[in-house]
Amino acid sequence: MKKTVLNPAFYQHYSVEEVAQALLGKVLVTHKEGIYTSGMIVETEAYSGRHDKACHANNGKRTPRTEIMYAEGGHIYTYLIYGMHILFNVVTNMEGLADAVLIRAIEPLEGLEHMQVRRKLSHQQVGKGPGALCKALGIGKPDYGLYLEEASGIWIEDRGIKVPEQEVVKAPRVGVDYAGDDALLLRRYYLKNNMHVSKVIKNYS
DNA sequence: TCGAAGATGAACT
DNA sequence: GTTCATCTTCGAG
């Protein structure tokens, strides 16, 4: 099987929306404390630092938390939401432009038994949802600011999986109602008919 | 220093 | 479909 770790040029593309779509079908891998787990990315959302009220770093807003989004593409942005869930983002674009892609769901490939242990065997679909996949892959706050490469224990591979345009569904992002009109932007991308997608919305199929 | 809200998920009725 | 767990972050005072 052809296997290539994604290079910086992939993440530093100027269009976060194109990177978000290109990440579908890629494989997110973690190797931590001797445990190897991986899953194919089946759902993403694009967030732009400019003209996007749903983004934490909208319109040049800079806080200690969002600082990493201004770094060059390929860095990892993790943060805690609702006091209990970690969300995993991939920073894109060049230094100074705060774009990022939220990984919302994966289809488990390797290390499923480890993921189930991390998820306490409570659910079959261990990678369904942004908080759930972080728990399954062992991603946490200590990963904030790392670069996506094998040395970090977190990276993304291209295994030659091709995702046809007609298999990609575009839909509004989830949980960003506070963003007003920007909540309506079709910046959520997921694989049509994939069981591991976190939420399926009617009228978008 | 303090208060409010949040890019969610699981367990309920 | 509804409720609730749970705590960092950030902006206001």
Side-chain angles (χ1 to χ4, degrees), chain A residues 11 16-17 19-21 23-24 28 39 41-71 73 75-93 97-108 115-145 148 154 169-191 194-204:
Chain A
Y11 303 110
V16 65
E17 291 169 276
V19 176
Q21 289 177 76
L23 280 171
L24 293 175
L28 177 59
I41 297 168
V42 299
E43 181 179 359
T44 62
E45 286 180 2
Y47 288 83
S48 171
R50 298 167 307 292
H51 311 112
D52 181 358
K53 289 195 283 295
C55 180
H56 291 155
N58 178 42
N59 211 15
K61 187 163 111 175
R62 250 181 141 111
T63 66
R65 185 178 64 165
T66 61
E67 193 61 32
I68 196 63
M69 291 180 76
Y70 290 88
H75 287 269
I76 297 170
Y77 172 37
T78 59
Y79 72 97
L80 183 70
I81 187 66
Y82 299 131
M84 61 194 85
H85 300 297
I86 295 290
L87 271 65
F88 174 76
N89 297 252
V90 177
V91 175
T92 74
N93 217 324
L97 297 174
D99 293 347
V101 176
L102 168 67
I103 308 301
R104 284 194 58 87
I106 58 163
E107 178 176 324
M115 298 192 215
Q116 287 177 327
V117 169
R118 284 169 176 157
R119 298 278 284 122
K120 300 190 170 124
L121 298 169
S122 58
H123 205 287
Q124 287 280 312
Q125 291 166 321
V126 297
K128 189 172 176 173
L133 82 86
C134 286
K135 196 181 256 185
L137 292 173
I139 295 170
K141 287 194 67 172
D143 302 308
Y144 176 96
L148 286 166
I154 305 182
V169 181
K170 299 177 185 174
R173 292 171 294 188
V174 176
V176 295
D177 292 345
Y178 60 85
D181 291 345
D182 290 336
L184 303 175
L185 294 171
L186 301 181
R187 287 187 173 170
R188 177 178 180 226
Y189 312 97
Y190 59 90
L191 297 186
N194 187 289
M195 307 179 42
H196 301 274
V197 170
S198 62
K199 287 182 183 177
V200 177
I201 302 174
K202 275 189 191 170
N203 305 327
Y204 291 96

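By convention in this document, chain letters (A, B, ...) are assigned in the order of the sequence lines, proteins followed by strands, and residues within each chain are numbered from 1.
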Would you say the ring centroid of A:H75 lies under 6.0 angstrom from that of A:Y11? no
Between [N] atom [atom2] and [X] atom [atom1], what is the distance in whole Å?
{"X": "A:R119", "N": "B:dA11", "atom1": "CZ", "atom2": "P", "value": "10 Å"}
{"X": "A:E45", "N": "B:dA7", "atom1": "CD", "atom2": "C1'", "value": "6 Å"}
{"X": "A:I81", "N": "B:dT8", "atom1": "CD1", "atom2": "P", "value": "7 Å"}
{"X": "A:H56", "N": "B:dA7", "atom1": "NE2", "atom2": "P", "value": "4 Å"}
{"X": "A:H85", "N": "C:dT9", "atom1": "NE2", "atom2": "P", "value": "16 Å"}
{"X": "A:D177", "N": "B:dA5", "atom1": "CG", "atom2": "P", "value": "15 Å"}
{"X": "A:E67", "N": "C:dT9", "atom1": "CD", "atom2": "P", "value": "14 Å"}
{"X": "A:Y79", "N": "B:dA5", "atom1": "OH", "atom2": "P", "value": "17 Å"}

Can A:Y47 be classed as stacking with the base of B:dA7, given a centroid separation cut-off of 5.5 Å and a plane angle cut-off of 30°? yes
Are [X] and [N] close enough that a side-chain N or O sits under 4.0 Å from OP1 or OP2?
{"X": "A:R187", "N": "B:dA7", "answer": "no"}
{"X": "A:Y178", "N": "B:dA7", "answer": "yes"}
{"X": "A:R65", "N": "C:dC10", "answer": "yes"}
{"X": "A:K61", "N": "C:dG11", "answer": "yes"}

Classify [X] by what it touches in the nucleic acid, base, sugar-phosphate, or nothing, heavy-atom distance under 4.0 Å.
{"X": "A:L102", "result": "base"}
{"X": "A:K135", "result": "nothing"}
{"X": "A:A132", "result": "sugar-phosphate"}

Test item: A:L102 and A:T44 side chains (from C-beta on) under 4.5 Å apart, heavy atoms: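 No, side chains not in contact.
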For the side chain of [X], counting heavy atoms from C-beta on, which of [options] is nearest?
{"X": "A:T63", "options": "C:dC10, B:dT8, C:dC7", "answer": "C:dC10"}
{"X": "A:K141", "options": "B:dA7, C:dT9, C:dC7", "answer": "C:dT9"}
{"X": "A:M69", "options": "B:dG9, C:dT6, B:dA7", "answer": "B:dA7"}
{"X": "A:L80", "options": "B:dG9, C:dT8, B:dA7", "answer": "C:dT8"}

Is the shortest side-chain N to carboxylate O distance from [X] to [Y] below 4.0 Å?
{"X": "A:D182", "Y": "A:R173", "value": "no"}
{"X": "A:E45", "Y": "A:R104", "value": "yes"}
{"X": "A:D181", "Y": "A:K53", "value": "no"}

Kindly say whether A:G140 contributes a backbone atom to a donor-acceptor pair with the side chain of A:D143 at under 3.5 angstrom?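 A pair under 3.5 Å: yes.
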Base-pairing assignment for B:dT8 (Watson-Crick or G-U wobble, both under 3.5 Å):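 The base-pairing partner of B:dT8, which may sit in any strand shown, is C:dA5.
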Residue pair A:P64/A:G83 against DNA chain C: nearer the 5' end by closest nucleotide is A:G83
